[in-house]
Number of protein chains: 2
Amino acid sequence: MTGKKAAETRRTSIGAQRNPASQDAILQAAEEILVEGGLGSFSIEAVARRAHAGKPTIYRWWPTRTILLLDVYHRQKFVDIAPDTGAIETDIFQLLSDLLEFWNTGHGGAVFRSVIAEAQTDPAASKALAAYMAERYQQGGEIFRRAKARNEVADWVVPELAMEIITSFVWKRLLTDRLEIAPEQLRLVVRHLVHGLKAQ
Amino acid sequence: MTGKKAAETRRTSIGAQRNPASQDAILQAAEEILVEGGLGSFSIEAVARRAHAGKPTIYRWWPTRTILLLDVYHRQKFVDIAPDTGAIETDIFQLLSDLLEFWNTGHGGAVFRSVIAEAQTDPAASKALAAYMAERYQQGGEIFRRAKARNEVADWVVPELAMEIITSFVWKRLLTDRLEIAPEQLRLVVRHLVHGLKAQ
DNA sequence: ATATAACGAAACGAGCCGTTTCGTTCAAGT
DNA sequence: ACTTGAACGAAACGGCTCGTTTCGTTATAT
């Protein structure tokens with residue numbers, strides 16, 4: 001009868017300090033809810049239930065739903081934003097391919113979609129997303145800085161802007177649920193981006 | 001005293017038929033709420049209050065919040081997706097410029113952002129958005145079909161895919177709240193897209 | 001040894017959800 | 001001319017989630 005309770009080993013306070021076990025359980029439950037049910041199912045209440053945590057515990061450390069969402073997001077492993085294959089076209093192919101795979105196979109896609117959606121409603125999420133993207137463009141621009149040093153790309157190319165352009169396409173695919181792109185198809189996309197649309 | 005009521009001219013039934021005045025008031029209130037408060041403030045309850053309409057009236061004609069949102073969206077005036085200036089580069093500049101202005105100055109931006117955000121949660125919105133985008137790519141692809149006839153763009157360019165690529169950039173700007181792009185800056189973006197990133 | 005803070009559970013009032021009931025207005029059918 | 005029936009706005013419903021408060025318990029920090 002009471003053995004059930006013992007097996008479930010209820011978490012409790014470990015004194016006047018934060019309990020890492022609760023923290024982990026909450027973040028993991030939050031991620032699972034996002035992956036399984038999307039942002040629509042994501043609420044403090046739902047996370048508390050799933051994590052067997054008290055709502056006050058969550059509100060103490062994550063004052064808003066958005067902050068909890070962003071914490072889940074920042075705990076993810078991210079792909080290498082600036083692969084170095086030696087050629088600009090294969091660099092871009094590698095980057096987009098890695099992004100698509102990360103979003104498609106892991107939990108990254110569902111979480112990132114949710115962050116973008118949240119940013120359409122919550123200014124705090126919008127601000128955090130903007131800061132994160134600026135940093136990523138800066139890092140990823142390295143691809144183009146290297147290529148310019150090799151005289152492989154035109155000198156008027158702005159690394160950060162080029163980065164934004166090439167990632168825009170996969171963003172749109174993420175948001176419209178069309179992440180599954182065959183390698184030949186992706187190569188064609190990269191060809192459009194690298195060689196431009198105009199006849200030579 | 002009672003003159004106040006008379007001035008507010010309460011709407012009522014016009015018999016066993018839909019009341020266009022109520023329909024208009026509801027759709028207008030819905031749009032205003034989206035523009036002023038975003039998707040977070042958008043609820044049937046809020047729309048009913050603002051439109052001085054009964055909730056059953058709304059639920060009768062728009063069974064879900066998503067359907068009402070999509071109706072607001074479809075009532076918008078849309079920009080010409082396939083301008084014909086005679087050259088591919090100016091066509092694209094015109095198109096992106098029109099889109100940015102439409103989103104930035106009117107109500108279109110707030111409404112479209114909301115549709116995209118809703119699509120991250122509601123499959124019905126996702127489906128509707130996908131269908132709409134496919135249609136727009138088809139229409140807008142005309143830019144590239146014309147340019148190919150002029151031998152202005154490479155023959156391996158896929159009109160619908162090229163359309164998706166060039167609109168992806170402004171999508172991302174819309175979703176990250178950076179719609180204000182100076183003409184020179186936009187011209188630079190178009191240059192990246194049209195001439196590609198690689199040195200000739 | 002005492003004060004302090006975190007923990008999970010439970011319950012709170014407030015507000016929104018989608019539905020139902022009500023009295024009304026008026027077109028459509030007889 | 002009369003009846004039927006549908007649409008209208010208002011109000012109230014039960015059910016749910018929200019963010020907060022209260023409670024008894026646990027264990028660190030002083």
Side-chain angles (χ1 to χ4, degrees), chain A residues 2 4-30 33-34 37-69 71 114 118 121-122 124-125, chain B residues 2 4-30 33-34 37-69 71 114 118 121-122 124-125:
Chain A
T2 53
K4 186 181 167 190
K5 269 265 174 84
E8 287 178 359
T9 57
R10 170 187 168 183
R11 272 190 323 274
T12 180
S13 169
I14 58 170
Q17 59 182 354
R18 188 169 190 177
N19 186 341
S22 290
Q23 184 177 358
D24 290 347
I26 288 164
L27 287 169
Q28 186 182 334
I33 288 172
L34 276 179
L39 189 56
S41 316
F42 185 76
S43 68
I44 302 284
E45 188 106 19
V47 172
R49 264 197 306 271
R50 181 154 193 154
H52 301 291
K55 284 201 287 176
T57 301
I58 301 185
Y59 279 107
R60 175 164 15 246
W61 303 109
W62 299 274
T64 69
R65 175 183 113 128
T66 294
I67 291 175
L68 177 55
L69 174 63
D71 201 1
S114 299
E118 187 82 349
T121 290
D122 186 322
Chain B
T2 52
K4 187 180 168 191
K5 268 265 174 83
E8 287 176 358
T9 57
R10 170 187 168 181
R11 274 189 321 274
T12 179
S13 170
I14 57 169
Q17 59 183 352
R18 187 168 189 176
N19 187 339
S22 291
Q23 184 177 358
D24 290 346
I26 289 165
L27 286 169
Q28 186 181 335
I33 288 173
L34 277 178
L39 189 56
S41 316
F42 186 75
S43 67
I44 302 286
E45 188 107 15
V47 173
R49 264 198 305 271
R50 180 154 193 153
H52 301 291
K55 284 201 287 174
T57 302
I58 301 185
Y59 279 107
R60 174 159 25 240
W61 304 110
W62 298 275
T64 70
R65 176 182 112 127
T66 294
I67 290 175
L68 176 56
L69 173 64
D71 201 2
S114 299
E118 187 82 348
T121 291
D122 186 322

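Proteins come first, then strands; the chains are lettered A, B, ... in the order of their sequence lines, and each starts at number 1. Given the structure is predicted, the values throughout are model-derived calculations rather than measurements.
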**Asked** To the nearest Å, how far apart are B:I58 CD1 and C:dT19 P?
**Response** 13 Å

**Asked** Heavy atoms, side chains only, cut-off 4.5 Å: are A:I14 and A:P20 in contact?
**Response** yes

**Message:** If I take atom NE2 in residue B:H52 and atom P in nucleotide D:dG9, what distance separates them, rounded to the nearest angstrom?
**Reply:** 11 Å

**Request:** Round to the nearest Å and state the distance from A:I44 atom CD1 to D:dC18 atom C1'.
**Result:** 10 Å

Between protein and nucleic acid, restricted to nucleotides 1-3 of chain D and to nitrogen or oxygen atoms under 3.5 Å apart, what atom pairs and distances do you find?
none

**Item:** B:Y59 OH to B:I67 CD1 distance, which is reported to the nearest 0.5 Å
**Value:** 11.5 Å

**Message:** Output the rounded distance in Å from CG (B:D24) to C1' (D:dC8).
**Reply:** 15 Å

**Prompt:** Are any of the side-chain heavy atoms of A:W61 and A:Q23 separated by less than 4.5 Å?
**Reply:** no

**Request:** Measure across A:T12 and A:N19 and return the closest heavy-atom pair with its distance rounded to 0.1 Å.
**Result:** O-ND2, 2.9 Å

**Prompt:** OG1 of B:T57 to NE2 of B:H52: how many Å apart, nearest 0.5 Å?
**Reply:** 14.0 Å

**Request:** Taking the side chain as every heavy atom from C-beta outward, state whether B:L27 and B:V47 have any atom pair closer than 4.5 Å.
**Result:** no

**Message:** So if I take residues 61-69 of chain B and measure heavy-atom distances to DNA chain D, which residues fall below 4.0 Å?
**Reply:** B:W61

**N or O in side chain of A:R11 less than 4.0 angstrom from C:dG8 OP1/OP2** = yes

**Asked** Whole-Å distance between D:dG19 P and A:R49 CZ?
**Response** 13 Å

**Request:** Could you pull out the closest heavy-atom pair between A:A51 and A:A25, with the gap in Å?
**Result:** CB-O, 3.6 Å

Nucleotide N/O to protein N/O under 3.5 Å, stretch nucleotides 10-12 of chain C:
none

**Request:** To the nearest 0.5 angstrom, please state how far the NZ atom of B:K55 sits from the OG atom of B:S43.
**Result:** 8.5 Å

**Position toward the 5' end of DNA chain C (nearest nucleotide), B:A46 or A:A48** = A:A48

**Complete:** Interatomic distance, OG1@A:T64 vs CG@A:D122, rounded to 0.5 Å, equals 6.0 Å

**Request:** Write out all pairs satisfying salt bridge (Lys or Arg N to Asp or Glu O under 4.0 Å) with one or both partners inside residues 58-68 of chain A, taking only residues at least two apart or from two chains.
**Result:** A:R65-A:E118

**Item:** Rounded interatomic separation in angstrom, taking CZ from B:R50 and C1' from D:dA10
**Value:** 20 Å

**Prompt:** When every nucleotide of nucleotides 23-30 of chain D is labelled 5' to 3' by its protein contacts under 4.0 Å (heavy atoms), B for base, S for sugar-phosphate only, - for none, what sequence of letters results?
**Reply:** ---BBB--

**Asked** Which whole-number value in Å describes the distance from B:R18 CZ to D:dC8 C1'?
**Response** 13 Å

**Prompt:** Between A:L39 and A:S114, which heavy-atom pair has the shortest distance, and what is it?
**Reply:** CD2-O, 3.6 Å

**Asked** So how far off straight is the helix from C:dA1-D:dT30 to C:dT30-D:dA1, going by the axes through five pairs at either end, to 10°?
**Response** 10°

**Message:** Counting C-beta onward and ignoring hydrogens, is there a side-chain heavy-atom pair between A:I44 and A:W62 closer than 4.5 Å?
**Reply:** no

**Request:** Output the distance between atom CZ (B:R11) and atom CG (B:D24), rounded to the nearest 0.5 Å.
**Result:** 9.0 Å

**Any B:T121 side-chain heavy atom under 4.5 Å of B:T66 side chain** = no

**Complete:** Heavy-atom nearest pair, B:I33 first then B:S41, reads CG2-O, 3.5 Å

**Prompt:** Which nucleotide in the list D:dT20, C:dG8, C:dC17 gets nearest to the side chain of A:Y59?
**Reply:** D:dT20

**Request:** Using atom CD of B:E45 as one end and atom P of D:dC18 as the other, report the distance to the nearest whole Å.
**Result:** 17 Å

